[in-house]
Amino acid sequence: SLGSSIATEDGILIAGGNGTIFRIGVGNVSAYWKYPTKFASLAYYNGNVLAGTWGDGLFVLRNGNPVYLLKQPQIPDDNVHGAFRDSRKLYWIATHQGVARGNDFKTIRPFLTGSVKGRVICFYELRNGSICIGGSEGVYIVDKQGKLKTHLGQKEGLKGKEVRSFFEDHENKLWIGTYNGGLYCYENGKLTPINSLQNCELNSDVFTFVKDQYGYFNITSNQGLWKVSEKDLNDFYRGKLDRLVPFYFGQETGILNTEFN
């Protein structure tokens with residue numbers, strides 16, 4: 001089972017479930033780093049590979065060698081689901097029990113411990129500098145001053161097992177992808193469940209929500225890969241399109257295993 005994949009100057013790195021981070025070069029595959037753990041996430045910033053694990057904290061690697069290890073109490077929990085560096089060069093660490101933040105690896109500490117709860121999966125920076133935090137308890141939006149401004153959870157109509165992805169479009173609408181809860185649009189304080197709209201054929205899993213150069217969003221799920229154009233999605237959301245039908249790629253198109261991580 002393979003998890004995160006990232007691009008670095010040394011090639012593509014992929015986290016394996018058997019304690020190996022693989023490096024894919026031109027025509028070859030090699031081991032970048034081995035450690036007796038299960039890797040949960042990878043990120044790459046400023047020449048450093050940030051490797052999150054299930055239960056062993058977050059390893060900081062440089063040139064295939066560990067140079068720093070983040071563990072409790074420096075982070076809230078040793079299960080690390082992701083790492084992010086924002087435009088102000090602040091590091092954000094997603095754990096099984098909340099988030100940590102700091103200017104560098106030595107100053108990272110648990111952050112907003114009384115407010116941001118549960119399993120944290122992903123981060124996303126808005127144009128205004130606010131940070132979106134997604135996970136098992138919904139969406140938290142933190143402003144540039146570090147204050148929690150918005151929480152969208154079950155009480156606000158956000159369903160699903162956890163939030164997996166974000167995208168801010170050209171109209172400043174925030175699209176929110178969830179596991180088992182479908183896609184949501186948050187605009188002017190209103191949350192709209194897209195999958196609940198009549199004639200929506202999107203899958204209930206929205207793990208990634210990535211726009212490509214052709215104007216299509218690429219959506220991974222536990223049932224394959226889906227593609228929908230931004231124009232069609234916006235027209236459907238605005239009521240200008242009666243039915244939303246995405247392109248689908250599964251086993252019949254060559255994806256041998258349709259369960260994406």
Side-chain angles (χ1 to χ4, degrees), residues 1-6 15 17 38-43 50-55 57-58 75-84 86 92-101 110-126 130-142 148-168 173-186 191-196 200 202-210 217-226 228 257-261:
S1 179
L2 299 177
S4 286
S5 58
I6 57 172
K38 290 185 178 180
F39 293 106
S41 62
L42 291 178
L50 282 62
T53 69
W54 291 101
L58 183 140
I75 55 178
D77 188 88
D78 288 338
N79 296 283
V80 179
H81 302 299
F84 177 69
D86 67 21
W92 300 74
I93 311 299
T95 80
H96 211 66
Q97 297 292 331
V99 301
R101 191 180 83 163
F111 184 65
L112 293 174
T113 53
S115 303
V116 178
K117 300 176 182 179
R119 182 173 60 255
V120 175
I121 302 292
C122 57
F123 300 103
Y124 185 87
E125 184 170 2
L126 300 177
S130 295
I131 302 297
C132 298
I133 302 170
S136 62
E137 301 302 312
V139 177
Y140 300 92
I141 301 178
V142 180
L148 179 62
K149 305 300 290 185
T150 303
H151 176 226
L152 303 172
Q154 286 193 352
K155 191 167 108 178
E156 292 74 28
L158 190 70
K159 296 180 171 53
K161 295 181 180 179
E162 59 199 19
V163 172
R164 290 283 185 96
S165 55
F166 298 100
F167 182 83
E168 184 183 22
K173 301 193 303 299
L174 180 63
W175 298 91
I176 303 166
T178 72
Y179 177 20
N180 199 234
L183 181 66
Y184 294 79
C185 183
Y186 185 61
L191 187 68
T192 301
I194 302 301
N195 287 59
S196 296
C200 177
L202 286 178
N203 190 264
S204 61
D205 293 344
V206 182
F207 292 170
T208 60
F209 195 73
V210 182
F217 289 113
N218 295 270
I219 301 169
T220 55
S221 73
N222 268 344
Q223 291 83 38
L225 171 69
W226 308 77
V228 62
N257 186 334
T258 58
E259 183 175 353
F260 282 77
N261 290 329

My understanding is that only residues two or more places apart in sequence, or in another chain, count here; which of them pass side-chain contact (heavy atoms from CB on, under 4.5 Å) with [X]?
X      : value
Asp77  : Asn79, Thr95, His96, Gln97
Gln154 : none
Lys161 : Tyr179, Asn180

Plane angle bin for Trp92 and Phe123 - parallel if under 30°, tilted between 30 and 60°, otherwise perpendicular: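 Ring orientation of Phe123 relative to Trp92: tilted.
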Plane angle bin for Tyr140 and His151 - parallel if under 30°, tilted between 30 and 60°, otherwise perpendicular: parallel
Minimum side-chain heavy-atom gap [X]-[Y] below 4.5 Å:
X      : Y      : value
Val99  : Ile133 : yes
Val163 : Leu158 : yes
Asn222 : Phe207 : yes
Phe260 : Leu225 : yes
Val206 : Trp175 : no
Phe166 : Glu168 : no

To the nearest 0.5 Å, tell me how far [X] [atom1] sits from [Y] [atom2].
X      : Y      : atom1 : atom2 : answer
Ser4   : Leu50  : OG    : CG    : 11.5 Å
Ser41  : Ile93  : OG    : CD1   : 8.5 Å
Leu183 : Thr192 : CG    : OG1   : 10.5 Å
Tyr124 : Ile141 : OH    : CD1   : 11.5 Å
His81  : Ser136 : NE2   : OG    : 8.5 Å
Cys132 : Tyr186 : SG    : OH    : 10.0 Å

On a heavy-atom basis, which atom in [X] and which in [Y] lie closest, and how many Å separate them?
X      : Y      : answer
Asn195 : Gly182 : OD1-CA, 3.4 Å
Lys159 : Tyr184 : N-OH, 3.0 Å
Gly57  : Thr53  : O-OG1, 2.7 Å
Ile6   : Ala43  : CD1-O, 3.7 Å
Gly3   : Asn261 : CA-CB, 4.3 Å

Thr220 backbone acceptor or donor facing Asp205 side chain under 3.5 Å: no
Audit row: Val139, Ile176, side chain to side chain contact (heavy atoms under 4.5 Å, CB included) steps and yes/no: CA-CA 9 Å; Val139 177; Ile176 303 166; 3.9 Å; yes
Over 12 non-hydrogen atoms of neighbours within 6.0 angstrom of NZ in Lys173: yes
